[in-house]
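Small disclaimer: the values here were computed from a predicted structure and weren't measured. We count ligands from 1, going down the list as the structure has it; atoms in each ligand are counted the same way.
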Amino acid sequence: MTTAKHQILIVGGGTAGITVAARELRKGYADVAVIEPSSTHYYQPLWTLVGGGQTKASTTERTESSVMPTKATWIKKAAFAFDPDNNTVTCADGATYEYDVLVVCPGIQLDWNRIDGLEDTLGKDGVSSNYRFDLAPRTWDFIRTTRSGTAVFTMPSGPIKCAGAPQKIAYLASDHWRKEGVLDDIDVHLVVPTPRIFGIPEIADNLDAVIADYGITLHTNSEVTSVEAEGRKVAVKSIGEGGTDTTLPYDVLHVVPHQSAPNWIKSSPLSTGDANGYVDIDKYTMQHVRYPNVFSLGDAGSSPNSKTGAAIRKQAPVVVDNIDSFLKNQPLGAKYHGYASCPLVTSSHAMLLAEFDYSMQMTPSIPLFDPAKPHRAYWYLKKYGLPFLYWNLMLKGLA
Ligand SMILES: Cc1cc2nc3c(=O)[nH]c(=O)nc-3n(C[C@H](O)[C@H](O)[C@H](O)COP(=O)(O)OP(=O)(O)OC[C@H]3O[C@@H](n4cnc5c(N)ncnc54)[C@H](O)[C@@H]3O)c2cc1C
């Protein structure tokens, strides 16, 4: 039985959901509802700086009610199932909502269990991850109290949100240890699944120089498969040419989990049906490939861009324009070309702003600086400028 009907129904009130809701209302659509179970909204990009001791976790959270557009209907529930043939979404409490247009953006699932032995040791004995609000401060506790030994930083294979975050924390930690005069006593390892540290050669060259400067051992084409908490060891497996098969001891371990679509999306008719199971959309129009009144963006969508808030800033206007065209029975004219940006913090005072599109061509917004090199001004942009833009403009549908 249908509980209520809304013209535009949005699943997920995170970065994507709130941005789209605000833009729809500004465009003049009055009946916009957001299904979102959480009372708290997070600005996740700052979790890297929390783990690196540069800011407090409390600066990254606000109440969901403070970001929800006042004219949107907030359905404070978890969505549970889609029936796109009947234009309905069912929530965990059994309530069913009907829509004219559905926007699916409930974020990504962190698959901690895909690394054996990891879940039980998270937050304890030197093991942490900036991918959880509660754990990011633990990362800093472990970094700050380490004076010698071995530190291991890992990145998993497959799409993840903010692919730069696994390496940024290695640089922030090394910078801190250098300032403390203990970097020479810490053996730092960075394990990545890719052939190089970054997909754009000019940027990879400069990051290789940063890595060499800190004395970090980089293991490319490799990933961590298990954690043995008692012996404080991780197993590293080669997944490509020149990869490493070894066991590394650790005193500090920063792990980024494998990621995929939430399980209930994977098993829904909206999924691509492959192992990652994201919402199956056209990568330019963001419209579902089988259900024309369904759109998706953000981390849950199948478009092959780098999964970042920066990408959502460019996707949201495309989704809103194309929904408008769809509702007016016009051809969809707006296109997203894969823009994403990755603010790669290389120390506590420098950052490289990698901006690129589907073709992996660099697309710098600020032509003043060499986009392949770290700059001090970008660090201020990361710590102060981008959070300001996020809370005050992007979530209000103004940028
Ligand atoms: C450590 C870290 C560093 C990052 N650094 C950067 C960076 O420097 N730059 C950058 O641009 N991006 C960065 N990101 C990525 C960025 O935060 C995400 O790409 C972005 O938040 C994704 O937005 P989203 O709306 O798709 O998902 P989210 O913002 O995660 O929102 C998903 C929402 O859906 C809700 N939800 C979940 N399940 C349900 C359900 N069943 N029903 C209804 N709602 C549900 C959740 O409660 C949540 O509010 C970083 C992320 C992390 C973790």
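- Under the 6.0 Å cut-off for aromatic ring centres, W140 and H176 qualify, their centroids lying closer than that.
- Heavy-atom proximity to atom 25 (O) of ligand 1, evaluated over G13, G107, A16, P262, is greatest for A16.
- With Y336 as the aromatic partner, K314 does not meet the cation-pi criteria of under 6.0 angstrom to the ring centre and within 45 degrees of the ring axis.
- Per-residue contacts place P37 under 4.0 angstrom from the following atoms of ligand 1 (heavy atoms of the residue considered): 43 (C), 44 (N), 45 (C).
- With sequence neighbours excluded, the residues forming a salt bridge (Lys or Arg N to Asp or Glu O under 4.0 Å) with D111 are R114, listed by chain and number.
- Distances below 4.0 Å separate heavy atoms of G298 from the following atoms of ligand 1: 26 (O).
- By heavy-atom distance, the residue among G309, G12, C162 lying nearest atom 14 (N) of ligand 1 is C162.
- Under a 4.0 Å N-O distance rule, the pair E180/R144 does not qualify as a salt bridge.
- Checked against a 6.0 Å centroid threshold, the rings of Y99 and H6 do not count as neighbours.
- Residue T48 approaches ligand 1 through these ligand atoms, each under 4.0 Å from one of its heavy atoms: 3 (C).
- Taking Ile, Leu, Val, Met, Phe, Trp and Tyr as members and joining any whose side-chain heavy atoms lie under 4.5 Å apart, directly or through other members, the hydrophobic cluster of F133 also contains Y42, W47.
- Summarising the contacts of atom 20 (C) of ligand 1 with T15, I35, I75, the nearest heavy atom is found in T15.
- By the 4.0 Å N-to-carboxylate-O rule, R290 lies close enough to D280 to be salt-bridged with it.
- Within the structure, ligand 1 has K168 among the residues with a heavy atom less than 4.0 angstrom away.
- Short contacts between ligand 1 and T308, defined as distances under 4.0 Å to a heavy atom of the residue, involve ligand atoms 10 (C), 11 (O), 12 (N), 19 (O).
- Residue W264 has at least one heavy-atom neighbour below 4.0 Å for each of these atoms of ligand 1: 40 (C), 41 (N).
- Counting only non-hydrogen atoms, the option in P166, S129, A163, P106 that gets closest to atom 32 (C) of ligand 1 is P106.
- Under a 4.0 Å criterion applied to the non-hydrogen atoms of A78, ligand 1 contributes the atoms 41 (N), 42 (N).
- In the vicinity of K307, heavy-atom distances shorter than 4.0 Å reach the ligand 1 atoms 19 (O).
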